[in-house]
Amino acid sequence: MIIDIHAHLPAKDRGIVDKILDESRRAGISRICNLGDWPYGATQKQVVSANNHTMRFVRWRPDVFVGFCFLNPNHAKSFIFREITRCVENGNLKGIKLEVETNARSKRLDPIMEACARLNIPVLHHAWYKTVGKVLNESTPADIADLAGRHPNTKIIMAHLTAAGIRGVLDIQSYPNVYVDTSGSQPFSGIIEYAVAALGAQRILYGSDIIGRDFSCQLGRVYGANINRHDRDLILGINAKKLLRLP
Amino acid sequence: MIIDVNTSFGRWPFQKFDVNSAQAMAKRLNSAGITKALISSMDGILYPDPSVCNAELVKTIKPTPELIPVPTINPGLANWRKAMETSGIKAIKIIPNYHNYSLIDPLLVPFMRILASKRIPLMIQMRIDDERNQYPLMKIPGVDWRAVVQFANAFHETPVVCLCVYRSEAVELVQKTRNVHVDISFIEFFQTLPTLLRSIPPDRILFGSHTPFLYTESAVMKLKSAQMKAKPYKAIACANARRLFNI
Ligand SMILES: [Zn+2]
């Protein structure tokens with residue numbers, strides 16, 4: 001079983017989504033987790049719209065799509081809680097997605113993290129160690145470690161293993177509530193093996209970052225890694241199934 | 001049959017590789033379905049005289065005829081003419097960004113004249129890694145594709161193969177020249193090859209995996225998963241390389 005934990009389905013192009021479904025079937029991927037499709041600095045209206053699209057995808061193909069609720073922590077707490085209630089408690093979404101609007105060290109994330117602990121849902125948070133091209137408030141793996149330390153009862157999926165690199169793996173090593181997805185950058189060799197040794201395969205989840213990436217290339221890094229079959233199966237789907245509490 | 005035009009051998013300070021002999025390298029490539037590979041010394045990227053590394057590589061890969069050496073030449077060094085005297089060279093590689101010269105530098109004129117007279121194709125290593133993930137004290141920007149266009153048009157009789165180009169660069173390079181080819185190692189988008197083929201013709205695209213920097217399987221899966229006709233598949237997998245490098 002293969003579950004892709006990191007996908008961005010284009011909200012307004014059903015034709016492409018059909019192609020994604022087709023490609024995923026050919027690649028043996030059974031479930032795809034949509035993290036939404038939003039602009040930087042999303043307004044409340046844009047957040048609602050992104051989450052509506054994700055919920056629609058899940059309603060349309062509940063056998064394939066899983067979805068996360070995108071939030072901008074700069075919005076008012078009342079709006080954020082309303083959106084969590086609407087999309088997760090009363091809706092069909094199974095986690096929270098945070099991007100670069102707010103750094104992971106910010107206290108604005110605390111109420112969201114507490115809600116996730118209460119609802120027992122994970123947060124998928126963007127992270128990258130950027131030498132060039134860093135955007136305002138973008139989080140590094142060290143920032144994610146800070147967040148994980150403040151909220152040990154909330155499960156965090158840190159995005160982009162390759163972008164975290166060895167330094168990033170070490171940052172999160174002693175925080176058992178942090179998982180990492182395999183997406184990010186080109187399929188540089190050695191990092192999956194390093195992460196399996198440092199974190200254990202049970203903390204690593206396959207993710208493609210489609211539609212900007214390709215299932216083939218992204219699966220290639222997991223199939224190409226020099227790890228045992230059991231660890232590979234954990235990474236490809238077993239871990240995600242457990243984390244998302246899928247049947 | 002797949003011919004890989006982008007492989008390297010040696011040591012690199014930022015990654016550890018488990019292919020530490022020519023036999024292991026050939027085995028790795030073979031197990032991914034690659035029958036022949038053009039290979040360069042990665043020691044020659046940073047060691048001040050790449051010709052020393054070229055000689056070492058030739059010695060190392062002697063027992064593996066499926067690996068074809070591509071010498072790295074720095075035309076800015078006083079010994080570059082001597083380094084080109086070896087017979088039977090299939091291609092020559094330059095690494096302008098690491099060797100600190102520009103493609104519009106006049107020092108390239110005599111170099112390109114000799115290359116044309118010997119009918120040897122030129123490989124340009126555009127980058128080794130993702131600039132965003134480089135060690136912060138060793139930032140090496142990728143080669144500027146605009147300079148490559150100018151350069152390739154000025155020396156249009158010599159075929160140029162640009163390695164590790166991004167998709168947008170590949171499209172510009174191929175559309176704005178008649179002699180530039182690209183490898184697929186860094187090109188990625190949803191349905192990588194079918195998407196790429198909508199912008200550039202198959203006879204300008206070559207299979208390259210950038211092994212061992214990248215997981216070999218990623219490039220192989222990009223190629224094998226692509227739904228395309230037999231002719232473009234064969235062109236990309238091996239026919240273009242066979243024609244260009246006379247393999
Ligand atoms: Zn993403």
Side-chain angles (χ1 to χ4, degrees), chain A residues 7-10 13 16-17 19-20 22-29 128-135 138 160-168 182-194 197 208-227 232, chain B residues 6-8 12-19 24 28-29 31-32 127-142 164-168 184-196 208-227:
Chain A
H8 303 282
L9 303 173
D13 192 338
I16 294 268
V17 179
K19 281 186 188 160
I20 290 174
D22 201 49
E23 284 288 334
S24 65
R25 208 176 305 120
R26 295 197 318 122
I29 296 164
W128 204 295
Y129 265 122
K130 272 189 191 155
T131 304
V132 292
K134 189 174 166 120
V135 301
E138 187 169 2
H160 311 316
L161 171 62
T162 302
I166 287 171
R167 188 189 184 99
T182 57
S183 74
S185 190
Q186 306 300 328
F188 284 97
S189 69
I191 188 66
I192 290 186
E193 292 89 333
Y194 187 89
S208 66
D209 214 351
I210 209 132
I211 186 170
R213 296 278 173 183
D214 205 344
F215 290 129
S216 58
C217 181
Q218 298 300 319
L219 283 169
R221 58 170 124 205
V222 183
Y223 290 128
N226 186 14
I227 54 176
R232 197 181 76 191
Chain B
N6 184 3
T7 74
S8 303
W12 186 242
F14 308 105
Q15 278 179 276
K16 284 195 180 296
F17 304 123
D18 54 6
V19 279
R28 156 72 53 88
L29 296 170
S31 68
R127 55 180 58 76
I128 304 295
D129 43 24
D130 182 335
E131 288 85 347
R132 295 172 298 174
N133 305 343
Q134 285 176 333
Y135 176 59
L137 296 180
M138 202 178 132
K139 294 187 217 174
I140 315 277
C164 300
V165 292
Y166 289 119
R167 184 177 68 131
S168 58
I184 67 166
S185 61
F186 265 51
I187 299 176
E188 188 184 354
F189 190 70
F190 177 61
Q191 297 182 318
T192 301
L193 290 178
T195 306
L196 186 66
S209 70
H210 200 38
T211 301
F213 294 103
L214 304 185
Y215 289 113
T216 313
E217 283 71 10
S218 286
V220 172
M221 286 178 67
K222 261 189 240 176
L223 175 72
K224 290 197 170 164
S225 78
Q227 287 182 305

Find the distance between [atom1] ([X]) and [atom2] ([Y]) and round it off to the nearest 0.5 Å.
| X | Y | atom1 | atom2 | result |
| --- | --- | --- | --- | --- |
| D130(B) | T131(A) | CG | OG1 | 9.0 Å |
| W128(A) | R132(B) | CH2 | CZ | 3.5 Å |
| T162(A) | D129(B) | OG1 | CG | 12.0 Å |
| I184(B) | C217(A) | CD1 | SG | 8.5 Å |

Quick one: which of [options] has the most heavy-atom pairs under 4.5 Å with chain B, could you say?
| options | answer |
| --- | --- |
| V132(A), L219(A), I191(A) | V132(A) |
| E193(A), K134(A), R213(A) | R213(A) |
| G212(A), G190(A), G224(A), S189(A) | S189(A) |
| N226(A), I192(A), I210(A), V222(A) | I192(A) |

Would you mind checking which part of K19(A) comes under 4.5 Å of any heavy atom in chain B, side chain (CB onward), backbone (N, CA, C, O), both or neither?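 Both parts, backbone and side chain.
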Is A225(A) close to chain B through its backbone or its side chain, or both, or neither, when contacts mean heavy atoms under 4.5 Å?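 Both parts, backbone and side chain.
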Taking all non-hydrogen atoms of both residues into account, name the closest pair between [X] and [Y] and its distance.
| X | Y | result |
| --- | --- | --- |
| N133(B) | S185(A) | ND2-OG, 3.2 Å |
| F188(A) | Y215(B) | O-CE1, 3.3 Å |
| G220(A) | S218(B) | C-OG, 3.5 Å |

Give the intermediate values and the outcome of side-chain contact (heavy atoms from CB on, under 4.5 Å) for residues E23(A) and Q227(B). CA-CA 10 Å; E23(A) 284 288 334; Q227(B) 287 182 305; 4.2 Å; yes
Of the listed residues ([options]), which shares the most heavy-atom pairs with chain A below a 4.5 Å separation?
| options | value |
| --- | --- |
| T192(B), D18(B), T211(B) | T192(B) |
| F213(B), F17(B), Y135(B) | F213(B) |
| Q191(B), R167(B), Q134(B), R28(B) | Q191(B) |

Measure from the side-chain N and O atoms of R26(A) to the backbone N and O of S225(B), and report whether any donor-acceptor pair falls under 3.5 Å.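 Yes; judged by distance alone, with no hydrogens or angles, the pair exists.
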E188(B) side chain vs Q186(A) backbone, donor-acceptor pair below 3.5 Å: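 No.
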Segment of [X] engaging chain A (4.5 angstrom heavy-atom cut-off):
| X | result |
| --- | --- |
| F14(B) | neither |
| T195(B) | neither |
| I128(B) | backbone |
| E131(B) | both |

For the side-chain contact (heavy atoms from CB on, under 4.5 Å) test, which of E217(B), K222(B), K224(B) pairs with S216(A)?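 Among E217(B), K222(B), K224(B), the one that satisfies the side-chain contact (heavy atoms from CB on, under 4.5 Å) with S216(A) is K222(B).
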